[in-house]
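Down below is the structure, laid out as structure tokens.
Worth saying up front: this structure is predicted, and the values here are computed from it rather than measured.
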Amino acid sequence: MDHGSWSVTIMAVVTELPAVVLNLYVVLPNIACLHRLSPSSFLVVFLCLADALSMMNQLVINATHLINGHLEYNKELCQAHAFMATLASLVSVSLCTGLTLLRYRSIVMKREIAWHFAPVYAASAFALFSLILSLPFMLGTADTTYGMHPSNMVCTIFWFKSYHRDTLILSLICAAVLSVPLFLTAYAYLAIYMEVSRVFEEAKDLQTHFESWNDLPDPSQDSNRNESAVLNVPPIEKPLCAAGVTSAIQELQRRQTRDDIKKQMNLLYQSIAIVALMVGGWAPYFAVGVMEVLTATPAPVAVEVAADMFIVANSILNPIVVLVYDLDVRGNTGRCFYWLLGRVGKK
């Protein structure tokens, strides 16, 4: 390898390793708790799993380059890497689309989301893309469909060999999968933003109405005061105990409502951040892939390396966003981490 290849390969390993570690840090503690997670948290955990598999494929390739000191790689092994990396990437993007669909259905369409929606959606995406991506192996055209790209950083579909029918079909399918979240999430989240803004405005108006209502004098107290003045009878007061219990119940209900709203808003922020990162991370690669399909020529190595690094950055930032906003996932991860620290401390 020349100096430039060494630099690019080292940069790839240094960035892909934390991406793998961070995503597995989210996935492993939550695998045993999937049945207790909300549908959105379920999709997020499997999104991190897909990103971890994709980054592990790239990490193995680039670490092998560093160990061997050259860029040659086994063709059959590269095709296996290409299948797994492309499958993980398509599943990851599909799960981002699923998060958007889930938020749109629950907030805008006001439909209750059943828990089985998340596992059925994730399993369907995995099964569908596994079948589609395995067709070149079944048809004996894997050599013209999968392989090492000119950047020598990743094994994936030969986008620039669009003159082969199978490669063109797979390229169009991948482009369709990527274009859905890239172009339709803007509409979905605009509708979500408008609905959330409307609800907050109504809640604000309602709170203002109740505050103004509470400032008005109580007519019953005036009536009691007038009657007691005439009859020389002390005014009737409500039992303090009952009033205190009622006030405590109302305060608990308000706190529960605030906690529920905060949790739902955190999940909404998480979904928006993950989808925004996905769009930012995959848009350059999408543009490069479309250019290669249309021109049937590979993109410049520097451009391809830059597009790949955007995807790596997306895979690094995704688990950080999850740990910041998803309280359930963060709680499971924290408990597992402290348990491991306790076991190490005892030894």
Side-chain angles (χ1 to χ4, degrees), residues 9 12-13 15-24 26-28 31 43 45-68 71-98 121-159 161 166-167 169-171 173-178 278 281-282 285-286 288-289 304 307-312 314-316 318-319:
T9 307
V13 171
T15 53
E16 289 160 1
L17 182 59
V20 172
V21 172
L22 284 171
N23 281 283
L24 290 180
V26 171
V27 171
L28 295 179
I31 288 294
L43 291 180
V45 169
F46 273 85
L47 186 148
C48 290
L49 176 60
D51 286 348
L53 292 176
S54 178
M55 290 297 104
M56 277 192 283
N57 275 276
Q58 296 190 33
L59 178 62
V60 169
I61 293 171
N62 290 292
T64 303
H65 290 336
L66 287 180
I67 294 171
N68 294 336
L71 298 176
E72 296 179 5
Y73 205 79
N74 181 271
K75 182 179 69 174
E76 289 76 16
L77 189 57
C78 186
Q79 291 172 0
H81 281 303
F83 172 83
M84 288 301 301
T86 308
L87 173 62
S89 299
L90 290 178
V91 170
S92 175
V93 174
S94 298
L95 292 177
C96 284
T97 306
Y121 183 92
S124 300
F126 181 82
L128 176 62
F129 294 128
S130 297
L131 176 62
I132 293 173
L133 295 175
S134 62
L135 290 178
F137 296 101
M138 299 178 186
L139 300 174
T141 58
D143 290 344
T144 59
T145 305
Y146 297 121
M148 183 73 71
H149 270 230
S151 65
N152 292 299
M153 287 179 58
V154 60
C155 295
T156 185
I157 298 175
F158 286 130
W159 313 111
K161 293 186 178 182
D166 294 342
T167 305
I169 292 174
L170 284 182
S171 300
I173 292 174
C174 294
V177 173
L178 283 173
M278 187 276 300
W282 280 96
Y285 192 86
F286 177 78
V288 171
E304 188 176 347
D308 288 334
M309 294 312 298
F310 270 96
I311 297 176
V312 176
N314 173 57
S315 299
I316 292 175
N318 268 346

What's the spacing between [X] [atom1] and [Y] [atom2] if we round to 0.5 Å?
{"X": "M153", "Y": "L59", "atom1": "CE", "atom2": "CG", "result": "11.0 Å"}
{"X": "C96", "Y": "N318", "atom1": "SG", "atom2": "CG", "result": "6.0 Å"}
{"X": "Y146", "Y": "M84", "atom1": "OH", "atom2": "CE", "result": "11.5 Å"}
{"X": "T144", "Y": "K161", "atom1": "OG1", "atom2": "NZ", "result": "7.0 Å"}
{"X": "L87", "Y": "L131", "atom1": "CG", "atom2": "CG", "result": "11.0 Å"}
{"X": "L170", "Y": "T141", "atom1": "CG", "atom2": "OG1", "result": "8.0 Å"}

Quick check: do [X] and [Y] have side-chain heavy atoms less than 4.5 Å from each other?
{"X": "Y121", "Y": "S94", "result": "yes"}
{"X": "M55", "Y": "I316", "result": "no"}
{"X": "M148", "Y": "I61", "result": "yes"}
{"X": "Q79", "Y": "D143", "result": "yes"}
{"X": "N23", "Y": "S315", "result": "yes"}
{"X": "H65", "Y": "Y73", "result": "yes"}
{"X": "L90", "Y": "L133", "result": "yes"}
{"X": "T156", "Y": "Y285", "result": "yes"}

Return the orientation label for the W159 and H149 ring planes: parallel under 30°, perpendicular over 60°, tilted otherwise.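 Perpendicular, since the angle between the ring planes exceeds 60°.
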
Scan side-chain atoms only and decide if T145 and D166 contain a donor-acceptor pair under the 3.5 Å cut-off.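 Looking only at side-chain atoms, D166 and T145 do not form any donor-acceptor pair under 3.5 Å.
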
Among L43, L49, D51, which residue meets the side chain to side chain contact (heavy atoms under 4.5 Å, CB included) test with L47?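 Result for side chain to side chain contact (heavy atoms under 4.5 Å, CB included) with L47: D51.
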
Could you pull out the closest heavy-atom pair between [X] and [Y], with the gap in Å?
{"X": "A52", "Y": "L24", "value": "CB-CD2, 3.9 Å"}
{"X": "A175", "Y": "F286", "value": "O-CE1, 3.6 Å"}
{"X": "C48", "Y": "V26", "value": "SG-CG1, 3.9 Å"}
{"X": "F310", "Y": "G281", "value": "CB-O, 3.5 Å"}

Is it the case that more than 12 heavy atoms not belonging to F126 sit under 6.0 Å from its CZ atom?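 No, the 6.0 Å shell around CZ holds no more than 12 heavy atoms from other groups.
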
Neighbour count >12 (heavy atoms, 6.0 Å) for atom CD, E72: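 Incorrect, the count does not exceed 12.
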
Does [X] use its side chain to pair, donor to acceptor, with the backbone of [Y] at less than 3.5 Å?
{"X": "N57", "Y": "L53", "answer": "yes"}
{"X": "S92", "Y": "A88", "answer": "no"}
{"X": "T86", "Y": "F83", "answer": "no"}

